[in-house]
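Heavy atoms only: backbone and side chains are in, while hydrogens, waters and symmetry mates are out. In each ligand, atom 1 is the first atom listed, and ligand 1 is the first ligand listed. In what follows, residues are counted from 1 in the order of the sequence shown.
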Amino acid sequence: MSEESWALAVDVQEATTPCSQFEITKKVDRLRGPRNLKGDINGNIIPEKSRGGGGGGGDEDKIDLAEQSLLNKLIRRSLVRNRNQVEVLQRDPTSPLYSVKTFEELRLKPELLKGVYNMGFNRPSRIQENALPMMLAQPPQNLIAQSQSGTGKTAAFSLAMLSHANPANKWTQCLCISPTYELALQIGQVIEQMGKFCPDVKLAYAVRGNRMERGIKLQEQIVIGTPGTVLDWCTKYKLIEPKKITMFVLDEADVMIATQGHRDQSIRIHRQLSKDCQMLLFSATFEDSVWRFAEQVVPNPNIIRLKREEETLDTIKQFYVLCKEKEDKFTALCNLYGSLTIAQAMIFCHTRKMAAWLTAHLTKEGHQVALLSGEMTVEQRAAVIERFRNGKEKVLVTTNVCSRGIDVEQVSLVVNFDLPVDMDGNADNETYLHRIGRTGRFGRRGFAVNMVDSKHSMDIINQIEMHFNRRITKLDTSNLEEMESLIS
Ligand SMILES: Nc1ncnc2c1ncn2[C@@H]1O[C@H](COP(=O)(O)OP(=O)(O)OP(=O)(O)O)[C@@H](O)[C@H]1O
């Protein structure tokens, strides 16, 4: 494909809607709101393996990786706690391994250090302890870093770019690509905040709609954008001279390669860069496909990995209730509420329709219920989660879109109104763990109740029991005495 027709295809793919830099700033402001939410969330939303199936109905919520990533960012308030050790694989194992416990040790420009502290960061996060010295090292070192969302990757490479950019040079030196418009804006927002006291370092957004005059050369030292527009700016409009880029950051590699066309575009951008350009790649997950892609983009890398903290069922009492149909499940749920003191509960349904039905019925019974489902925009979802977290609603009914990400300390009960199944109708153990991992956190005790409405769902419970080697006890919700003795 010729350069021109290729660029046209990119235009189509990115669905250009003209908007000015001002409008982009407005959009940044709009996105800014939910990020500032207060509270104690420490979460991360990851794709569930189960993408519908098993329950039928055709209105299961599909998971969009980029949307989930954005939701994670919007609802997060602080670093995700992780007690795991960081694994570091150095390109040259004989060279000393530097790690820092303070930001001072990095010898940053004072204005940048001020920006870091101004964001409320007291010390580097676990991944930052090792990643920052590597990213700032001279001679430059390439890095592949993997750690779950919320562990401080964005802050780390934002700091690296701000430190790397030389304000005396009026050309683009740091280039960062991100899978979507919204995610790019989120990164830009971090750079702007952190670089608040470095007014000479300028940032440009290479995102759809940010139209630039052909032929001019950008003076901004940092460019953050999506692959299609960045490629346009490098090849079609020649606003950026790729050979002058000395730091290249590819964020959310896992989301990037899951997005149609982005993998190739990223590689095409990468090919135009100088061999000496420092390459940094970040990802929340690391399947083989991500790994193969990372190796293509980052030659001779140092590798840093922070394993995800294992979820555990140890503090959770698990039950199942035999029911016939949805009305019966609803009665069981009401009985549970009648006999237990439940701070907050999350209830998982398989389809949007079921979630809506249940929400309506619970509301009719006088419960304060919030509904979270896939037809909502990411911002609407973030707002619902925020209200629930603040205790405005006591029950959250949800489909598969949000089994992770919501760490609400008060959630004492998780109900699987529909059991999690994979495409083949078998138990989806991973999703089960994510769902009921919402409760029993921070050393508190939690309860999980599974509604069993057929022989098939009983089989699923048995599979889950075997998989985790944890007992799931039968609960008769019509027998108050038994319930009280079991759930005490
Ligand atoms: N050293 C630090 N001290 C305190 N808070 C930090 C630190 N580094 C980052 N944070 C905050 O922790 C949260 C997560 O950081 P960040 O967004 O950098 O993580 P991430 O790994 O890039 O996750 P994601 O890819 O989902 O954005 C943000 O609210 C950020 O402001």
Side-chain angles (χ1 to χ4, degrees), residues 31-47 65-82 84 86 99-106 108 112-113 115-133 135 143-163 176-180 182-196 224 249-256 258 280-286 290 304-309 378 382 386 404-407:
L31 288 171
R32 199 163 267 157
R35 192 181 247 273
N36 294 335
L37 305 173
K38 292 202 185 69
D40 58 11
I41 193 153
N42 255 338
N44 174 30
I45 292 179
I46 60 153
L65 290 188
E67 272 192 0
Q68 288 228 327
S69 181
L70 181 63
L71 184 57
N72 273 330
K73 285 180 194 272
L74 293 180
I75 63 175
R76 182 169 312 115
R77 297 157 173 182
S78 58
L79 277 170
V80 167
R81 306 172 201 194
N82 191 313
N84 283 340
V86 174
S99 101
V100 290
K101 292 284 177 209
T102 65
F103 287 112
E104 274 84 6
E105 289 171 69
L106 295 167
L108 302 168
L112 182 52
L113 191 61
V116 169
Y117 285 138
N118 194 54
M119 290 180 82
F121 299 177
N122 297 325
R123 68 188 75 82
S125 70
R126 234 162 224 279
I127 187 114
Q128 290 165 359
E129 287 178 2
N130 291 98
L132 286 172
M135 289 194 276
L143 173 69
I144 295 176
Q146 181 240 329
S147 65
Q148 83 189 78
S149 169
T151 45
K153 299 184 294 298
T154 307
F157 68 71
S158 298
L159 188 146
M161 287 199 286
L162 284 162
S163 171
C176 171
I177 56 171
S178 167
T180 66
E182 288 80 8
L183 291 170
L185 296 192
Q186 287 285 327
I187 297 171
Q189 186 188 330
V190 175
I191 299 172
E192 282 179 34
Q193 229 183 321
M194 200 179 271
K196 192 172 160 190
I224 150 95
V249 178
L250 192 148
D251 191 25
E252 310 223 26
D254 46 355
V255 183
M256 195 72 100
L280 309 168
L281 180 141
F282 298 84
S283 187
T285 60
F286 239 126
V290 181
I304 299 183
R305 299 182 67 163
L306 177 61
K307 284 217 194 94
R308 175 180 289 282
E309 193 112 47
V378 174
E386 175 61 6
R404 276 211 173 198
I406 311 174
D407 283 359

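Within the structure, the closest approach of Phe103 to ligand 1 falls below 4.0 Å when heavy atoms are considered. Under a 4.0 Å heavy-atom criterion, Gln186 is not in contact with ligand 1.
Close approach to Ser125 involves these atoms of ligand 1, each under 4.0 Å from a residue heavy atom: 1 (N). Numbered from 1 in the order shown, with element, the atoms of ligand 1 that lie under 4.0 Å from a heavy atom of Thr151 read 19 (O), 20 (P), 21 (O). Which parts of ligand 1 touch Ala155 is read off a 4.0 Å heavy-atom cut-off, strictly below it: atoms 8 (N), 9 (C), 18 (O).
Closest approach of Leu79 to Gly152, counting heavy atoms only: CD2-N, 3.8 Å. Shortest non-hydrogen contact noted between Leu106 and Pro133 is CD2-N, 4.0 Å.
Exactly one of Ile144, Leu250, Asp251, Val249 qualifies for a side chain to side chain contact (heavy atoms under 4.5 Å, CB included) with Leu280. That residue is Val249.
A heavy-atom distance below 4.5 Å is found between the side chains of Leu159 and Val116.
The option with the heavy atom closest to atom 8 (N) of ligand 1, from among Gln128, Arg126, Arg123, Gln68, is Gln128. For atom 14 (C) of ligand 1, the nearest non-hydrogen atom from the set Ser283, Ala156, Gly150, Ser158 belongs to Gly150.
For the atom pair Glu105 CD and Glu129 CD, the distance stands at 9.5 Å (nearest 0.5 Å). To the nearest 0.5 angstrom, Gln148 atom CD is 8.0 Å from Lys153 atom NZ. Taking CD1 of Ile187 as the start and CZ of Phe157 as the end, the distance is 4.0 Å to the nearest 0.5 Å.
Proximity of Lys73 to ligand 1, defined as any heavy-atom pair under 4.0 Å, is confined to the side chain (atoms from C-beta onward).
Looking at Ser149 next to ligand 1, an N or O pair under 3.5 Å apart turns up. Checked against a 3.5 angstrom limit, the closest N/O atoms of Lys153 and ligand 1 fall inside it.
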